[in-house]
Amino acid sequence: MITFEEIRDILVDDKPMTVDEQTLQRVKDCHAFLRQFANDRIIYGINTGFGPMAQWRVEDAHLEELQYNIIRSHATGAGEPLSDLDVKAAMIARAGSFLQARSGVHEEIVHLLLSFINKGIYPFIPRHGSVGASGDLVQLAHIALCLIGEGKVHYQGVWRPTQEVLRECGLAPMRIHIREGLSATNGTSVMTGIGAVNQLHAENLLRLAVICSVWMNEIAESYDDLMSERLNAARRHEGQQVIAAMMRDIAKDSHRLPKREHVLYNGGHTEHVFAKKVQAYYSLRCIPQILGPVWETLQNAKRILEEEFNAASDNPIVDYEVGNVFHGGNFHGDYISLEEDKVKIAVTRMVMTAERQLNYLFHDRINDGIMPPFLNRGVLGLNYGMQACQFTATSTTAECQTLSMPNYVHSIPNNNDNQDIVSMGTNSALLCRQVIENAYQVFAIHLIALAQATDILAIQDKMASTTKALYDELRTLTDSRIEDKPFYEDIARIVEFLKHKI
């Protein structure tokens, strides 16, 4: 059993992926059972063709060739290659599937996959090709192509022929023993790997959204009861209470969040119009209610991903413990596809909230004139402050909203209608990735604005230590603006800064 935290350590901190002898023995036992069981039996993908060609028997003399053919014929991907991190995550997921000892593969493929993962050998996997059932056939075929010593890999930052890198690393290509070709290409590992990387970034963005929201309320000098424990407990939802608790922890040493009972409940107010808002705008006040469902969505997505990393997503399933081979559809990617759609919607909701907070900072009539229009510290009319930054944030938010339409329901039959309903899970994961990329851009602009607003109000010494620490980090990456000059390099620099916090 590999936990999501262990997956993160392998992906981000380059901790080696290892396997214990007991687990490896189960893989050996499963392989030995399948070799014996396959004698005089018709088993899909061992002595039959693949997909709709399963009705044709393959003669014994061609069984090894059959396994190579599924790899070579399906390496048909197109488009830009997936990132090294995505490929590494996909290989971890594929190894995790084999380690369930339900595929019947020889242990060699496990050892070779672990070597690829631990030595930083990343097969070329194009972006396009998967319909998500039978899993990620095309993209996994590109991994398998490299396992048999063909194709190309990204190694130490350079694209090189696989065979050359294998020799340099002292590795031998994978051999075919019984069904390694089909098992290497059949399953949900690519969509699962991309989903895991998405999860790391989505959780990172959520932490950032909470910090930014506390910072926003410090700028607005909101009353602190929006994050009250008793207020949020009255709604009962776990996520809302978690977010409120996170906000309280961040805000615990802030001097910019007055208590309502000290200001409005003291019996000293006789005015008919209050200078300070009694309640803040929703994008400031309703953060526990908005980000609570996001937290719960991400928690469920993490659970599904962790289960998938520890799942046998092959077909057929070889159960040596009961002595049978079961034919079904464990390669179907619906679990990942649906979760990635939900994650991208949740990330878009964070982006929308940040964009509305940004509008509060820029709009002097909304923020009651505590800051100049567009946080312009120069001469109004002559200088423009962050006016044009809002164009970028708004257009990028709009693209997130468009991309958040569900992909899970976009099934197109193919494969002679053998695959008559498919998950499009990898497409869902890749669309989620684009939303995440967009989110970082919007948050980068938002952070520049928060820092600029902090300078205008000169509240650095009254902020919470957490928000002040983020302000200090930002001031090493971007300066406070008076004169007009381009922002695009600052935005890109902050995007990379934020990504490295996963």
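Throughout, residue positions are numbered sequentially from 1 according to the sequence presented.
- A distance of 9.0 Å separates CG of Asn47 from CG of Leu66, quoted to the nearest 0.5 Å.
- Counting only residues at least two apart or on different chains, the ring pair (Phe, Tyr, Trp, His ring centres under 6.0 Å) pairs with a member in residues 34-54 are Phe33-Phe37.
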I would like to know whether Met174 and Ile71 meet side chain to side chain contact (heavy atoms under 4.5 Å, CB included); could you show each step before the answer?
CA-CA 12 Å; Met174 175 184 80; Ile71 295 171; 4.1 Å; yes
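- For the 3.5 Å distance criterion, the side chains of Gln434 and Asn438 qualify, holding a donor opposite an acceptor.
- Closest approach of Val422 and Ser411 over heavy atoms only: N-OG, 2.9 Å.
- Taken from SG in Cys400 to CD1 in Ile345, the straight-line distance is 12.0 Å, to the nearest 0.5 Å.
- No side-chain heavy atom of Leu431 sits less than 4.5 Å from a side-chain heavy atom of Val435.
- Between the side chains of His62 and Glu59, no donor N or O sits under 3.5 Å from an acceptor N or O.
- The shortest non-hydrogen separation linking Ala89 to Gly193 is CB-O, 3.3 Å.
- Checked for salt-bridge contact, Lys28 and Glu107 meet the test: a charged N lies under 4.0 Å from a carboxylate O.
- Atoms CD and NZ, on Glu6 and Lys15 in that order, are 6.0 Å from each other to the nearest 0.5 Å.
- Geometrically, Arg8 does not engage Phe4 in a cation-pi contact, judged by NZ or CZ lying under 6.0 Å from the ring centre and within 45° of the ring axis.
- Atom-to-atom distance recorded for Ile336:CD1 and Thr192:OG1 is 4.0 Å, nearest 0.5 angstrom.
- Here Glu321 pairs with Arg102 in a salt bridge; the nearest charged N to carboxylate O distance falls below 4.0 Å.
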Just do the salt bridge (charged side-chain N to carboxylate O under 4.0 Å, His left out) check on Asp136 and Arg94 with the steps written out, would you?
CA-CA 11 Å; Asp136 299 307; Arg94 188 85 302 233; over 6 Å; no
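- Of the possible donor and acceptor atoms, one in the side chain of His142 sits under 3.5 Å from a partner among the backbone N and O of Gly77.
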Test side-chain hydrogen bond (donor to acceptor under 3.5 Å, both in side chains) on Asp29 and Gln25 and set out the steps.
CA-CA 6 Å; Asp29 292 344; Gln25 186 60 50; 2.9 Å; yes
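- Heavy-atom minimum distance, Ile143 versus Ala90: CD1-CB, 4.3 Å.
- For the pair Ile46 and Leu34, the minimum side-chain heavy-atom distance is below 4.5 Å.
- The structure places CD1 of Ile121 at 11.5 Å from CG of Asp84, a figure rounded to the nearest 0.5 Å.
- A side-chain donor from one of Thr188 and Glu308 sits under 3.5 Å from a side-chain acceptor of the other.
- Aromatic ring pairs are classed by plane angle as parallel below 30°, tilted from 30° to 60° and perpendicular above 60°; the pair His177 and His31 is perpendicular.
- Nearest heavy-atom pair, Phe326 versus Asn315, reported as atom, atom and distance to 0.1 Å: O-OD1, 4.1 Å.
- Within the 3.5 Å criterion, the main-chain N or O of Met424 finds a donor-acceptor partner in the side chain of Asn407.
- Between the Gln241 side chain and the Arg236 main chain, a donor and an acceptor come within less than 3.5 Å of each other.
- Using a 4.5 Å heavy-atom threshold, the side chains of Gln299 and Glu238 count as separate.
- Side chains of Tyr440 and Leu208 form no contact here, defined as non-hydrogen atoms less than 4.5 Å apart.
- With hydrogens and angles left out, the side-chain atoms of Ser103 and Ser183 include no donor and acceptor closer than 3.5 Å.
- Taking the side chain as every heavy atom from C-beta outward, Met247 and Pro288 approach each other to under 4.5 Å.
- Here the options are Lys342, Lys344, Glu340, the test is side chain to side chain contact (heavy atoms under 4.5 Å, CB included), and the partner is Ser428; only Glu340 passes.
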Please walk me through it: do Lys88 and Asp14 pass side chain to side chain contact (heavy atoms under 4.5 Å, CB included)?
CA-CA 10 Å; Lys88 187 176 185 179; Asp14 291 325; 2.9 Å; yes
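- With respect to the salt-bridge test (charged N to carboxylate O, under 4.0 angstrom), the residues Lys152 and Glu164 do not qualify.
- Salt bridge absent: Arg127 and Asp86 never bring a charged side-chain N and a carboxylate O closer than 4.0 Å.
- At a cut-off of 3.5 Å, with distance as the only test, no side-chain donor of Glu296 or Asn300 sits close to an acceptor on the other residue.
- Residues Val343 and Gln199 approach most closely at CG2-OE1, 4.4 Å, considering heavy atoms.
- Nearest heavy atom pair, residue Ser130 against residue Gln139, reads CB-OE1, 2.7 Å.
- In this model, a donor atom of one side chain and an acceptor atom of the other lie less than 3.5 Å apart for Gln357 and Ser213.
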